[in-house]
Each structure stands twice: as structure tokens, then as C-alpha cells.
Amino acid sequence: MARDRIKPRNLRGFRDFLPSSAQARQRIVDIFRKAFELYGFAPLETPALETEEVLLSDMGVDANKQIYRFSDLENTKVGLRFDFTVSLARTVAANLNRISLPFKRYQVGPVWRYDKPKRGRYREFTQIDLDIIGVAPFEPEVEMVAAVARGLREIGADNFVFRVNDRRYLGEVLESLGVEPEKAKDVFRVLDKLQKQGEKKVRDELTGKLLLQDFESALEYERMQEVAVSEQAADGLLTATKDASGLAKYLAGFLKRIEQEGVGGDNLVADPSLTRGLDYYTGFVCEVDIRGAEALGSVGGGGRYDDLLGRYSATPLTGVGMSVGLDRLMDALLATEVIAADAGQSTARVFVTVFDDSMRAESASIARMLRQAGVAAEMWLAEGNKTGRTLSRQFKYADKVGIPLAVVAGEDELAKDPPSVQLKDLRTGFGEEGKQSEVPLGELVARVKELLD
RNA sequence: GGGGAGGUAGCUCAGCUGGUUAGAGCGCUGGUCUGUGGAACCAGAGGUCGAGGGUUCGACCCCCUCCCUCCCUACCA
């Protein structure tokens, strides 16, 4: 009798990535890595597990609830990292003697949040994180946004929108509107409905429930949302509050500066309602959306955290950073058809068939030749091949795993002078002209490279 | 966190008002074809009908609890 089988299931909110999607993910990560290194960011690696005391407290109440926590076998209280920022702060504080400021680093890897899973939200997900430690505003902010924007463009996702704001600015605005800080979120949530529900309903709700004094200013302020950044928008921000403050000037200055770096127009929006959930942000905050996939939520976000390092070090240090959520980015890119759903299962570009078990050595030598030339090649591994009889199975396999080219090394061709093989293009349909041709072994590599271009 | 829908083969699903050995398509494995892929035909493997308990002579079907998935909503990556 068979034993009880174990159900091959994953934990809730955890996923496997089969080769076809894992390849697509890794391509995206590689692009970001290159973009970041182009700006001089260096990689950092930190442990997935941190002590509870490092992890907790400055994250905000909601965040603390979402941290995976447990006691290890020695009863040490530990937790899985919730994001990379806290680990970064700890690492920097512990290695100040070995780190030169400014410290520019990126980190890619999984983080864990005990949240209710849904589309675009997982309990284990991969973040691509970018931070600059030790420099005051706002050049680091500019560079960070520019580097992430570059990565997105390299992927082909020109349909991104950065929303930016400054938390302190928000406080000033609220004060000028006569809103108590604890009501801030409610006020902006209601204001968010302006488009959907109309002005009257919003006015009633705001002046009624929330006792907002100055509705007109709030409305004017809200209308700054979704305004593409321009001179005009920057001026708008300056007048959104009754008293144009130094802070407003600072934000407007930032917007002009980031435009110089090529991030503007449809890609940049000043969003005065943006605050973000994590408590450690002290100034600049931003989020990135993929236009057309806003319902999935933002694909990235971040901000400035000038007090966080002080938790771990007597040396106060400023910092700014943001991270892109790879999983949600993939979902958004698929939804907006920036990338295709399915890549191949195999990484090989050429499939080398085995015509007959007795001719495996010949096939193996062809595969070696291709690999030597830097062409990814896969050879048929199964035994039991007789004089071409299993070719159809081999082609079927190669086609299914997405290998574009196949080589058939048959006895007749190899016996020729010069020895030759059949090179077949599996991408063109069966029966079409030019689906395959005889190529001398000496020209195989060149011909393959030509076809793959 | 709040509201709604659903869980039957690897996948997509069917299964009459509860009635004997639970089905289809696709996929998978093998066969027919002794030099060529998406085909056809044949055969086969694969299900404790999400889990546990209850009602009943009898449950995939009815009831309860739990688990899981999806959609809307709030928040986040």
C-alpha cells in the first residue's frame, strides 16, 4: 500500500516560480541591477532573520502586526525582515568604521509580511531596494528616483507614474486647513473620492463628519493631485497653502530638479495626499504606479528617514531609499502587456537531437562545440533512440520548452564531405519553406548565431 | 480588517430533486509510424469529490466547524 501522500501545497501567500516565470523575473532584476550600478550603487546582502528588537517598534503599528515573529530553538526572539530599510540601518550603524559616506547600496531579495494575500499581494515577495545614507536632501532623492525610472524604462515600462510629496509639507497644509493631525488620513481619503462622487457629497462629508473649517482650500489643494509636474504645477504647490512656505519651495525645487534628470511629464505627479504607512519616514515620500494597473496598488515606494539610524548608533545619519516590489511589478507589467505571459522553460537556444543511441557521441560533440562558442545548447538525454524513430518526440519536447533551433545529426549527412547536419528552425511553422537546411559542421555555429539574431 | 463567490483527476470543468464500480476535454505515459515538431487513432496511469464532524438505510450533493482560492473594499510592495 502506498503511504499517505503529502499534499504538495504551499503556505498561504507563498508561491513557486516555474522556470518560465522565474526567467522573466530574473531578467527584470538584472535590468534594475545594471541600472543601479550605472549610478554607482553597490550590492549589499543582509540576513533574512533579524532579532526582534532590531525589527520592531519604528515601523508603525500596522507594520509591527505584519512581522513574522517566533522564538528559535534557543528561545531567541527573532523575526523575518519586513523590508530592507531596517536591516540597512542596523548594518550601517554596525560598520561605520568600514563604510564611506555617502553609502549607496541596493539589495534584492525576499521580504515577509503577515498580511491577507490577494492579487498583487503576497506574504513572501521580492523587493528591489535602493538607498543612500548620509546625504541631506534633495540630491539623493533625485538620483534615487532617476535610477529607478531608468530601470523601469529599460524594461519597457514607460507607463510609470511617480507620485511625490513631503510629509512635513503635508503637516503644514493640514495646519493651515485647520485639520487636526489625527484626522489627516480621513480627510485625504474623503478628498480622494472627489472624482467619483462629486463635489457636493465630498463637501458634506468633510464639513459634517470631519468638521473641516476651510473646505475651499482643501478642494484647491486636492486638485493638485494628478497634475503632471511642470512650472505650473510647481507654482500650484506654492499657492496651495495660504502661506507659501520654505518647505513648499523646497518641494517645487525638487520637482524642477528631477525633471532635469528626465523624469517629468506623464511620469511625475505631485500628490499632496501621499503620506505612506511606515512611521520612520520624516520628509520626502514617493510611490510608483504602472498606469493602467493602478488597481493592483503601487509597484514601489519609499522616502526619507532621517531618524532611523539614530536607533542603532550614536552617530546620527540621514537616509533616503525606496524599493520596487518585483511581484507586483510583474503583475502590473503582465496586466498592461508590457511583457508577455510566458517565456520558455528552457534556457537553451539550440536543441541537439540524438538520431540513434549509437550516435550519441556525435551529438554530444556538437553540443560541446556550440557551448564552447557560447551558444546555450541542450542535448536529448533519454536512451532508447533507434535510427531517427524518436525524432518526433524530441522535436515535440524542444518545441514545448521553447528552444528555437534544433540540430539533427543523421548518419547520411555526417558521412558527407564535408560532414554536415540538418539545422531546423522550430519557430517557423511545419511545412513552410526554409524550415530546415543542411549545414556543414564547420559553419554550424555561424549559421546558428545568424538565425538567433 | 470589512463584504461577496467558490473548492470534483496535473489543468478547465460536468455530475439530474442525495441512490449501486465519479465522468469529459486538454495534458501526461506507452503503442501504431525503422530519418523529422503543434496531427490522427488505440491503450494506460492519475481522484480518500479541500479537511474533520453530523443528519440519513445511503452523501460529491443537506447541516456545522475549520482550511484554502478568487472578486469587490480599506491599506500596502
Side-chain angles (χ1 to χ4, degrees), chain A residues 1-2 4-5 7-15 18 59-63 65-66 82-85 108-129 148 185-186 188-189 192-193 196 274-278 285-290 293 295-302 322-332 351 353-356 359 380 382 384-414 421-432 435-436 438:
Chain A
M1 275 305 285
D4 282 348
R5 269 168 297 185
K7 288 211 167 185
R9 63 175 179 186
N10 276 333
L11 283 170
R12 185 169 200 208
F14 287 69
R15 303 181 296 165
L18 297 181
M59 306 290 290
V61 182
D62 287 348
K65 274 199 292 192
Q66 291 182 2
F82 174 94
D83 66 9
F84 286 118
T85 310
V108 179
V111 300
W112 294 268
R113 296 186 189 178
Y114 202 82
D115 201 350
K116 181 180 164 187
K118 55 160 256 185
R119 182 160 177 239
R121 176 156 61 205
Y122 310 94
R123 285 184 169 175
E124 178 182 66
F125 61 99
T126 296
Q127 285 197 331
I128 303 168
D129 194 273
V148 170
K185 278 203 153 187
D186 293 328
F188 286 110
R189 189 171 307 135
D192 263 340
K193 300 177 187 167
K196 284 183 199 163
L274 183 66
T275 57
R276 300 190 48 74
L278 299 178
V285 287
C286 68
E287 285 189 3
V288 205
D289 291 316
I290 296 298
L296 285 171
S298 59
V299 299
M322 68 176 294
S323 62
V324 173
L326 178 62
D327 304 77
R328 188 169 291 175
L329 178 62
M330 296 298 292
D331 288 347
F351 183 78
T353 60
V354 172
F355 189 78
D356 185 292
M359 297 176 71
W380 182 244
N385 309 289
K386 289 175 208 150
T387 52
R389 282 190 64 188
T390 47
L391 282 177
S392 78
R393 195 185 310 165
Q394 297 183 39
F395 285 130
K396 197 173 172 187
Y397 166 79
D399 185 55
K400 285 182 88 166
V401 299
I403 304 175
L405 301 177
V407 169
V408 180
E411 41 201 350
D412 297 346
E413 293 89 336
L414 285 173
V421 293
Q422 295 289 342
L423 179 60
K424 191 177 174 77
D425 194 331
L426 295 168
R427 295 168 296 191
T428 60
F430 180 64
E432 286 178 34
K435 62 173 178 170
Q436 81 178 51
E438 199 167 296

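All of these numbers come straight from a predicted model, not from anything done at the bench. A, B, ... follow the sequence lines: proteins, then strands. Residue 1 opens every chain.
- Here the side chain of A:F395 is nearest to one of B:rG35, B:rG37, B:rA77, namely B:rG37.
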I would like to know whether A:L326 and A:F125 meet side chain to side chain contact (heavy atoms under 4.5 Å, CB included); could you show each step before the answer? CA-CA 7 Å; A:L326 178 62; A:F125 61 99; over 6 Å; no
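- Using a 4.0 Å heavy-atom distance criterion, A:G13 is classed as a sugar-phosphate-only contact.
- Between B:rC66 and A:R12, no contact under 4.0 Å exists linking OP1 or OP2 to a side-chain N or O.
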When you compare the protein's N or O atoms with those of nucleotides 1-7 of chain B, which come within less than 3.5 Å of each other, and at what distance?
| unit_1 | atom_1 | unit_2 | atom_2 | d |
| --- | --- | --- | --- | --- |
| B:rG2 | O6 | A:K116 | NZ | 2.9 |

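- If you check every strand for non-hydrogen atoms under 4.0 Å, A:Q394 touches nothing.
- The separation between A:K396 atom NZ and B:rA40 atom C1' is 12 Å, rounded to whole Å.
- Ranking B:rA77, B:rG37, B:rU73 by closeness to the A:K118 side chain, first place goes to B:rU73.
- In terms of modelled atom types and a separation under 3.5 Å, the side chain of A:R121 and the main chain of A:K116 share a donor-acceptor contact.
- Although no hydrogens or angles enter the test, the distance criterion places a donor-acceptor pair under 3.5 Å between the side chain of A:T353 and the main chain of A:V407.
- The base of B:rG35 sits within donor-acceptor range of the side chain of A:E413, with an N or O pair under 3.5 Å.
- Among the atoms of the strands shown, base atoms are found under 4.0 Å from some heavy atom of A:F355.
- Atom C1' of nucleotide B:rU29 and atom CZ of A:R393 are separated by 9 Å, given to the nearest angstrom.
- Between the A:D327 side chain and the A:T126 main chain, a donor and an acceptor come within less than 3.5 Å of each other.
- At a cut-off of 3.5 angstrom, counting only N and O atoms as typed in the model, there is a donor on one side and an acceptor on the other between the side-chain of A:Q436 and the base of B:rU36.
- In A:R119, the CZ atom is not crowded: 12 or fewer heavy atoms of neighbouring residues, nucleotides or ligands sit closer than 6.0 Å.
- Minimum interatomic distance between A:A409 and A:M359 (heavy atoms only, all atoms of both residues): O-CE, 3.5 Å.
- Where pairing requires Watson-Crick or G-U contacts shorter than 3.5 Å, the helical stems of RNA chain B with at least three consecutive pairs are B:1-7 with B:67-73, B:10-13 with B:23-26, B:28-32 with B:40-44, B:50-54 with B:62-66.
- Every residue was checked against the ring-ring contact (aromatic ring centres under 6.0 Å, His included) condition with A:F395, not counting sequence neighbours, and none meets it.
- Listed for the A:R328 side chain is a donor-acceptor partner under 3.5 Å among the backbone atoms of A:G120.
- Across the protein-nucleic acid pair, A:D289 atom CG and B:rC76 atom P stand 12 Å apart, rounded to whole Å.
- Nucleic acid contact class of A:G297 (heavy atoms, under 4.0 Å, all strands): base.
- In terms of position along RNA chain B, the nucleotide closest to A:S392 lies nearer the 5' end than the nucleotide closest to the other residue of the pair A:V324 and A:S392.
- Place A:L391 and A:F125 on RNA chain B by their nearest nucleotides, and A:L391 ends up nearer the 5' end.
- No donor-acceptor contact under 3.5 Å links the side chain of A:R119 to the base of B:rC71.
- The main-chain N or O of A:E438 is never found under 3.5 Å from a side-chain atom of A:E413 such that the two would form a donor-acceptor pair.
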